[in-house]
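In what follows, every chain begins at residue 1, and chains take the letters A, B, ... in the order their sequences are listed. The model shown is predicted, which means the values in this text are computed figures rather than measured ones.
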Number of protein chains: 2
Amino acid sequence: MPASGSYDIFLRGTFGIEPGGATGRKLRELAKIISVPRGSIAPLDHTHGSLVFIADGSTKLVAHASHDREQIVAFHFGGDLVAIPPDSEHAFSLMALKDSGLIIFPAREFYDRASAEPTIMRVLLDRFQTALFRCRDKALGLGRKNAQERLASFLLTMAERLDNDANGCRVLDLPMSRRDIGDSLGLTIETISRQFSELRAAGLVETSGRSRVVLKDPVALAQRAGHLQ
Amino acid sequence: MPASGSYDIFLRGTFGIEPGGATGRKLRELAKIISVPRGSIAPLDHTHGSLVFIADGSTKLVAHASHDREQIVAFHFGGDLVAIPPDSEHAFSLMALKDSGLIIFPAREFYDRASAEPTIMRVLLDRFQTALFRCRDKALGLGRKNAQERLASFLLTMAERLDNDANGCRVLDLPMSRRDIGDSLGLTIETISRQFSELRAAGLVETSGRSRVVLKDPVALAQRAGHLQ
DNA sequence: GCGCTTCATTGATCTGAGTCAAAGACTTTG
DNA sequence: CAAAGTCTTTGACTCAGATCAATGAAGCGC
């Protein structure tokens, strides 16, 4: 169980407001602070929208087409905010990739109570905008890129987002499996594996173990990703 | 040129605030009100993000992978708000599907001046959330659905969004070409055409001319779209 | 209303990624 | 540390949708 103090860190770190203030206390009443073990699904209320803060760990947001077809719609890491819609045409679930601490709010109530605080709303807006822009890039990849371009894009994006320490953003420890990468890129596990082999053969990446990836030539990788120069 | 009064309609209709108030006047200074003829690209500042209000008409937001590969990331209709990022790995452009009136703001400045007004921020948040949820559904379709499911989904979504008058939301006048539909669904124009033929043969839709589509059996269509029952 | 242009449909063939199958590598656990 | 289980890699074959090519409508200008 994560320290209940993760709520304070959340409010101060993400929104820059004091947990002890009026808004801070009003929001606290809504928060459900839980820890989710690797491979488990976050217990969300699927009849209403949720807003989830990833206190620590990492998660995948999965959209379910039918029984056995899943599309990972986004990955999230410590510090991220995730908005999850109520189930309608499609169902969504949030699964932990590693043991994760989450703070779960009912979305509507959170917005109602937060709307008095301009700094919170401004941060929410920025986060949502970033999520939207990322999702559009993903749509571009899924609709118009081939397998190699998708994997190259993916690796560069992860390098950027996982660049927490001073690893020079070239050595990645991917928290997700090949299957997850496939489910995110709209490809199969075998295709992911084949594309890794090709990138390896071309000297653009090195891999060791199941999660370690070294980007040997990020520039060439960006070209293969179909990025603008 | 659209009546400059479209700005007033925008503020009152979308945000419910008075254009004559302090915030209304501050935002007015940022607005660029223009009309864009069918087939033309909105003149945006691509070094900064933009926020565009579609006063009337309809547009497509296009992401450019490389030279000849385009992915339509979203369609927008009168009353919609569109956030467009500055160019980075990919470039975006907003093109009018029919003669359209737009109100263009520099995004950052708009948010800065609007953040004092909770009602505006709340509406923005809702709109962004809706856009994000739509984009995720699109990602699911592009990643995991076959051609027929994609087209069926598309038609149902359009029926919902174009349901302006009392046409029972079953008779559509699509403002976009087969090519646009293809560019939106990650398919070719020929595949779109073939899928229309199949749906027609199955008695689920009727088409007449280039833009008229009648949904004869929305329930069966929803099944083919891979929606949850 | 007639020719021109653009868009949509249909058919034949090709191909990149999926599927099926098997072997090999990494982790975990007793 | 060896056995078991899981994840990854590689190969052979298949198939949905792309590509190439031709014909058939719609819409538009004169």
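- Taking 4.0 angstrom as the limit, A:Arg179 places none of its side-chain polar atoms (N or O) nearer than this to OP1 or OP2 of D:dC7.
- Nucleotides of DNA chain C lying under 4.0 Å from heavy atoms of chain B occupy a range whose first and last members, 5' to 3', are C:dT6 to C:dA12.
- Between A:Glu149 and B:Arg69 a salt bridge is recorded (basic side-chain N to carboxylate O distance below 4.0 Å).
- Using a cutoff of 4.0 Å between basic side-chain nitrogens and carboxylate oxygens, A:Asp183 and A:Lys60 are not scored as salt-bridged.
- Looking at heavy atoms from C-beta onward, A:Leu185 lies out of side-chain contact with A:Lys145 at the 4.5 angstrom threshold.
- Among the candidates B:Arg179, B:Arg150, B:Lys138, the single residue satisfying the side chain to side chain donor-acceptor pair (under 3.5 Å) test with B:Ser184 is B:Lys138.
- As judged by a 4.0 angstrom heavy-atom cut-off over every strand, B:Arg210 is placed among the base-contacting residues.
- Every side chain to side chain contact (heavy atoms under 4.5 Å, CB included) that B:Thr59 has, sequence neighbours left out, goes to B:Ile54, B:His76, B:Leu94, B:Ser100, B:Leu102.
- Residues satisfying the side chain to side chain contact (heavy atoms under 4.5 Å, CB included) test with A:Ser88, not counting sequence neighbours, are none.
- Under the 6.0 Å cut-off for aromatic ring centres, A:His227 and B:His90 qualify, their centroids lying closer than that.
- Salt-bridge formation is detected for the pair A:Lys216/A:Glu206: a Lys NZ or Arg NE/NH1/NH2 atom is positioned less than 4.0 Å from an Asp or Glu carboxylate oxygen.
- Taking every heavy atom of residues 146-157 of chain B and every atom of DNA chain D, pairs under 4.0 Å involve B:Asn146, B:Ala147, by number.
- Salt bridge status for B:Asp173 with B:Arg212: present, with a side-chain N to carboxylate O gap under 4.0 Å.
- Within 4.0 Å of A:Gly186, counting heavy atoms only, lie sugar-phosphate atoms of the nucleic acid but no base atom.
- Within residues 188-206 of chain A, the residues approaching DNA chain C are A:Thr188, A:Glu190, A:Thr191, A:Arg194, by heavy-atom distance under 4.0 Å.
- For the helix from C:dG1-D:dC30 to C:dG30-D:dC1, the terminal axes (five pairs an end, C1' atoms, rotation from four pairs onto the next four) enclose an angle of 50°, given to 10 degrees.
- Taking 4.5 Å as the limit, some side-chain heavy atom of A:Val52 sits within range of a side-chain heavy atom of A:Ile84.
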